**Q** 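One structure, as structure tokens, below. Some questions next.
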Amino acid sequence: MKFEVAMPEEGHSLPYVANLSILFKEVPLLDRAAAARDAGFTDVEYWWPFGSAVPAREDVDAFVDSLDGVRLRGLNFYAGDMAAGERGLVSWIGRETEFADSLVVALGIAERTGCRSFNALYGNRLDGEDPAKQDDLARVHLDKAADAAARIGAQLVLEPLSGADRYPLKTAADAVAVLDDLGRENVRLLADLYHLAVNGDDLDALVTVHTPRIGHVQIADAPGRHQPGTGELDIDGYLAKLQNAGYTGFVGIEYVPEPDTVTSLGWLPKTRRGRA
């Protein structure tokens, strides 16, 4: 189903999706979709919402049931212990089974929810491992996941990150080089404007060079990673440029809210939070 949003006099008309692994943390994870719905959102996304690659069936059921009234638009594959600094299993030699298991779980959730976008965090460089061998494993994993995603009309997105020294994808060009090597139409760039800006990437070049490769966009202001208006990024301006350059997808709201989620959303009128 296609939804239309009227173009405002200024700015952009791209639809928003609330990332509920970082927003509405005032309530337990299984209560966040309802909180987002009450705040006016119709579309949500999550990081991996479980503590392991293979959650119990009842935990998956509870997660899917919690989405009543909202649409799941994006989901990360299991990325390891994020709190401990792990940033994905795509290139992690020795954890192939966990990656494969989380792929199966994610596809099962997609079948039940209609989710058609998966964030495959690439993984840190590992002590004692040849980076080329890690990249070879990443290619195998991404190829396998892309095949599985294609069977349900879904995409994978590859995300540059900041604040993770061992994570090798820091700029849009870093991620696009992997995409070029892989050569899969349904594996695309996740352009998080915060991470790219913090890493010193050129956001104007992102728009002019890489827009055709972008499968998803996320936002937070920089510095600070809080809501738009708290930092120095012209977020609305960049989103307008991306839309004018041909991007038509969602914009993930993925910032650390201050002082709380509902208050932090003052920048976004309630009429712009949801779709029909």
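A quick note: this is a predicted structure, and the numbers were derived from the prediction, not measured.
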**Q** Between the side chains of D165 and R87, is the shortest nitrogen-to-carboxylate-oxygen separation below 4.0 Å, so that they form an ion pair?
**A** no
**Q** With ring-ring contact (aromatic ring centres under 6.0 Å, His included) as the test, would you mind laying out the steps for F77 and W92 before giving the verdict?
**A** CA-CA 13 Å; F77 293 137; W92 194 313; over 10 Å; no
**Q** Would you say D61 and R112 make side-chain contact, with heavy atoms under 4.5 Å?
**A** yes
**Q** Could you check whether any side-chain heavy atom of I235 comes within less than 4.5 Å of a side-chain heavy atom of W267, counting everything from C-beta outward?
**A** no
**Q** Answer yes if the side chains of Q155 and S117 hold a donor-acceptor pair under 3.5 Å, and no otherwise.
**A** yes
**Q** Does the side chain to side chain contact (heavy atoms under 4.5 Å, CB included) test come out yes or no for S264 and H226, once each step is laid out?
**A** CA-CA 8 Å; S264 79; H226 302 303; over 6 Å; no
**Q** Check this for me: does any side-chain nitrogen of one of D234 and K241 sit under 4.0 Å from a carboxylate oxygen of the other?
**A** no
**Q** Please tabulate, for the side chains in residues 29-45, all donor-acceptor contacts under 3.5 angstrom to protein atoms that are two or more places apart in sequence or on a different chain.
**A**
unit_1, atom_1, unit_2, atom_2, d
R32, NE, F24, O, 3.3
R32, NE, V27, O, 3.0
R32, NH1, L20, O, 2.9
R37, NH1, D68, O, 2.6
T42, OG1, R71, NH2, 3.3
T42, OG1, R275, N, 2.8
D43, OD1, R71, NE, 2.9
D43, OD1, R73, NE, 2.7
D43, OD1, R73, NH2, 3.2
D43, OD2, R71, NH2, 3.4
E45, OE1, H216, NE2, 2.8
E45, OE2, N19, ND2, 3.3
E45, OE2, Q218, NE2, 3.0

**Q** With clusters defined by side-chain heavy atoms of hydrophobic residues (ILVMFWY) lying less than 4.5 Å apart, directly or transitively, does I219 cluster with V157?
**A** no
**Q** On a heavy-atom basis, which atom in G123 and which in P168 lie closest, and how many Å separate them?
**A** O-CD, 3.2 Å
**Q** Measure the spacing between CG of L179 and CD of E185 and express it to the nearest 0.5 Å.
**A** 10.5 Å
**Q** Taking NZ, NE, NH1 and NH2 as the nitrogens, is one of them in R184 or D147 under 4.0 Å from a carboxylate oxygen of the other?
**A** yes
**Q** Looking at every heavy atom in both A146 and L156, which two are closest together, and how far apart are they?
**A** N-CD1, 3.6 Å
**Q** Heavy atoms, side chains only, cut-off 4.5 Å: are D59 and P49 in contact?
**A** no
**Q** Of the non-hydrogen atoms in L233 and A197, which two are nearest, and what is the gap between them?
**A** CD2-CB, 3.8 Å
**Q** Check the side chains of Y255 and T230 for a donor-acceptor pair under 3.5 angstrom, ignoring hydrogens and angles.
**A** no
**Q** Side-chain heavy atoms under 4.5 Å apart, restricted to Ile/Leu/Val/Met/Phe/Trp/Tyr: what other residues fall into the cluster of V104, or is it alone?
**A** none
**Q** Are any of the side-chain heavy atoms of L189 and L206 separated by less than 4.5 Å?
**A** yes
**Q** Going by an N to O cut-off under 4.0 Å, is there a salt bridge joining E96 and K144?
**A** no
**Q** Taking all atoms of both residues into account, what is the closest heavy-atom pair of F99 and A145, and its distance?
**A** CZ-CB, 4.3 Å
**Q** Side-chain contact, heavy-atom cut-off 4.5 Å: T171 with P160?
**A** no
**Q** May I ask whether L190 and L169 are part of the same hydrophobic cluster, defined by side-chain heavy atoms of I, L, V, M, F, W, Y residues being less than 4.5 angstrom apart, directly or through others?
**A** no
**Q** Salt bridge or not for R139 and D136, using N-O below 4.0 Å?
**A** yes
